[in-house]
Amino acid sequence: MYLRLKALLISHAQFSHALRVTLAIAFTLAFYAVVHVPHSMWGPVTVVVVMMQPYAGAIVYKGFQRIGGTLLGAILGLLTVLFPHQLDYLIPVWMLAWVFLLSLKSYGKNIYFFFLAVMTLIIVSYQGDTALEVNVALWRVANILIGSLIAISFSLLMPIRAVTGWNTLFNQNLHALRQLYQAHASAHMLSIKQLNAMKREVLERHMKMIILLPNVQKEKHKLAGHYRAIITVQRTLISITEQLIETHWSSDISRQQLLAQADLKLYQQQIITILNQIEQASVNRSSLANIDALPDIDLLPTMATEISLMMRQMHWEFMAIFGLHANLSANLMRLLFNYEPLIRKRGSHRD
């Protein structure tokens, strides 16, 4: 029952996100109804702000940055409020110095942390030095911390992982690339309309993978480099496959002559088998260790030379096709190299 519910929530990510935010707010209101905390408005506000993104990695990342930045700003603000009266003239210098230093570090992945530190420093510092004003500022900080922890907890209890969607898109593109390459290597070519529709879908999925990449890297930061490399390799494979398909329409006579070459046909069949095995390994989360060896790239120039000697008038076209196959094989090697750590990690988590 639990697995069914989990699969349903994964397949309806936006609904799951809306449900999770609603439950988190409901829990926050119930918490404050039982535990009376002054200035509790900031608790549910923080929950909404932290849970703006649907993916668990982004929520946890943003939540901890909000906690860290708020604490740092609160400490600096409290020190500002506690300045001796005879040194009041130094307060603006102290505050501006910290604003400058924190803003100096506010770039890249830590921008939210230091932005919140500056904002909290100013809010606490400007409350004044009376006990009541300081008390208001500190309760606000406490409620922000409570809200952040609730948001993080619900994101982990009901996780929507960007890597799940990324893997689904990648599996679909592997399947489509195999079909496109298989169509190129087959004597029965699909229509241009069908091929264009398939290519468009592949490119759309590829763009979605690029959009998901920052959130995937937050969830799998140790493997971030491999995910980036796979995006690059996949785009290259798409481009090569497109060019191979276009060779069919450039000259049907030359294509028929190429299809008649037994060595090339065997080479193409090996590539189709490898693409299919990678796809199956990805779907089943199994190791790539048992995948057949890729065909030898060094054989391609030899085959190209042998065929071009028989048909000199087609020399340039054959060389281009064999060059594309060499590039395809090289990029499949790069794909295997970068995808094996991902498969291995997923397999170890499943176990």
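Residue numbers count from 1 along this sequence.
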Quiz item: Can you check whether Leu203 reaches Met207 side chain to side chain, under 4.5 Å on heavy atoms?
Solution: no
Quiz item: Can you name the nearest heavy-atom pair linking Ala117 to Leu72, along with the distance?
Solution: CB-CD2, 4.0 Å
Quiz item: So Trp94 and Leu79, side-chain contact (heavy atoms from CB on, under 4.5 Å) or not? Walk me through it.
Solution: CA-CA 10 Å; Trp94 162 269; Leu79 290 174; 4.1 Å; yes
Quiz item: Considering only heavy atoms from C-beta outward, does the side chain of Val202 approach that of Arg205 to under 4.5 Å?
Solution: yes
Practice problem: Check the hydrophobic clustering (I, L, V, M, F, W, Y; side-chain heavy atoms under 4.5 Å; chains of links allowed) and say if Leu169 and Ile160 are grouped together. | Solution: yes
Quiz item: Once you round to the nearest 0.5 Å, how far does CD of Gln179 lie from CG of Leu195?
Solution: 11.0 Å
Practice problem: Give, for atom NZ of Lys222 and atom NZ of Lys220, the distance between the pair rounded to the nearest 0.5 Å. | Solution: 11.0 Å
Self-check item: Exceeds 12 heavy-atom contacts within 6.0 angstrom, atom OH of Tyr112
Solution: yes
Quiz item: Just by distance, do the side chain of Ser148 and the backbone of Ile144 share a donor-acceptor pair under 3.5 Å?
Solution: yes
Exercise. Grab the two heavy atoms, one from Tyr55 and one from Glu219, that are nearest each other, plus how far apart they are.
Key: CB-OE2, 3.8 Å
Practice problem: Search all heavy atoms of Val118 against all heavy atoms of Ser103 and return the closest pair with its distance. | Solution: CG2-OG, 4.1 Å
Quiz item: Is there a side-chain contact between Phe154 and Ile59 (heavy atoms, below 4.5 Å)?
Solution: no
When the side chains of residues 26-41 are checked against the rest of the protein, which donor-acceptor pairs come out under 3.5 Å, sequence neighbours left out?
{"from": "Thr28", "atom 1": "OG1", "to": "Ala24", "atom 2": "O", "distance (Å)": "2.7"}
{"from": "Tyr32", "atom 1": "OH", "to": "Asn143", "atom 2": "OD1", "distance (Å)": "2.7"}

Quiz prompt | Heavy-atom pair with the smallest gap, counting every atom of Thr46 and Gly147 | solution = CG2-C, 3.9 Å
Quiz prompt | Donor-acceptor side-chain pairing of Asn327 and Asn331 below 3.5 angstrom | solution = yes
Self-check item: Side chains of Tyr181 and Leu328 in contact at under 4.5 Å (non-hydrogen atoms)
Solution: yes
Quiz prompt | Gln243 versus Ser239, side-chain donor and acceptor atoms under 3.5 Å | solution = yes
Quiz item: Within a strict 4.5 Å, meaning less than it, do heavy atoms of the Trp166 and Ile231 side chains meet?
Solution: yes
Quiz item: Rounded to the nearest 0.5 Å, how far does CD of Gln234 lie from CG of Leu174?
Solution: 7.0 Å
Exercise. First locate atom OH of Tyr61, then atom CG of Asn215, and finally report the distance between them rounded to the nearest 0.5 Å.
Key: 11.5 Å
Self-check item: Validation row: Val216, Met209 side chains within 4.5 angstrom (heavy atoms)
Solution: no
Quiz item: Does CE in Met119 sit with more than 12 non-hydrogen atoms of other residues, nucleotides or ligands closer than 6.0 Å?
Solution: yes
Exercise. List the steps, then state whether side-chain contact (heavy atoms from CB on, under 4.5 Å) holds for Lys105 with Leu101.
Key: CA-CA 7 Å; Lys105 300 291 289 182; Leu101 291 172; over 6 Å; no
Quiz item: Side-chain contact, heavy-atom cut-off 4.5 Å: Gln65 with Leu116?
Solution: no
Quiz item: Do you know the tightest heavy-atom contact between Ala18 and Thr22?
Solution: O-OG1, 2.7 Å
Practice problem: Give the minimum heavy-atom separation between Ala56 and Arg161, together with the two atoms involved. | Solution: CB-NH1, 4.0 Å
Quiz item: Same cluster for Leu71 and Ile111 if Ile/Leu/Val/Met/Phe/Trp/Tyr side chains link at under 4.5 Å?
Solution: no
Practice problem: Determine yes or no for a side-chain-to-main-chain donor-acceptor pair under 3.5 angstrom, with Lys62 supplying the side chain and Val49 the backbone. | Solution: yes
Self-check item: Spacing of Asn173 atom CG and Leu237 atom CG [to the nearest 0.5 Å]
Solution: 10.0 Å
Quiz item: Is there a path from Leu19 to Val47 through hydrophobic residues (I, L, V, M, F, W, Y) whose side chains come within less than 4.5 Å of each other?
Solution: yes
Quiz prompt | Linked, directly or transitively: Ile240 and Leu275 (ILVMFWY side chains, under 4.5 Å) | solution = yes
Quiz item: So do the side chains of Arg228 and Thr232 get within less than 4.5 Å of each other, counting heavy atoms only?
Solution: no
Exercise. Check whether Met52 and Met158 end up in the same hydrophobic cluster, where Ile, Leu, Val, Met, Phe, Trp and Tyr are linked by side-chain heavy atoms less than 4.5 Å apart.
Key: no
Quiz item: Is the backbone N or O of Pro54 less than 3.5 Å from a side-chain atom of Arg20, with the two atoms forming a donor-acceptor pair by type?
Solution: yes
Exercise. Decide if atom NZ of Lys208 counts as having more than 12 heavy atoms of other residues, nucleotides or ligands within a radius under 6.0 Å.
Key: no
Exercise. Determine yes or no for a side-chain-to-main-chain donor-acceptor pair under 3.5 angstrom, with Gln182 supplying the side chain and Ile272 the backbone.
Key: no
Quiz item: What distance separates Ile146 CD1 from Ile67 CD1, expressed to the nearest 0.5 Å?
Solution: 11.0 Å
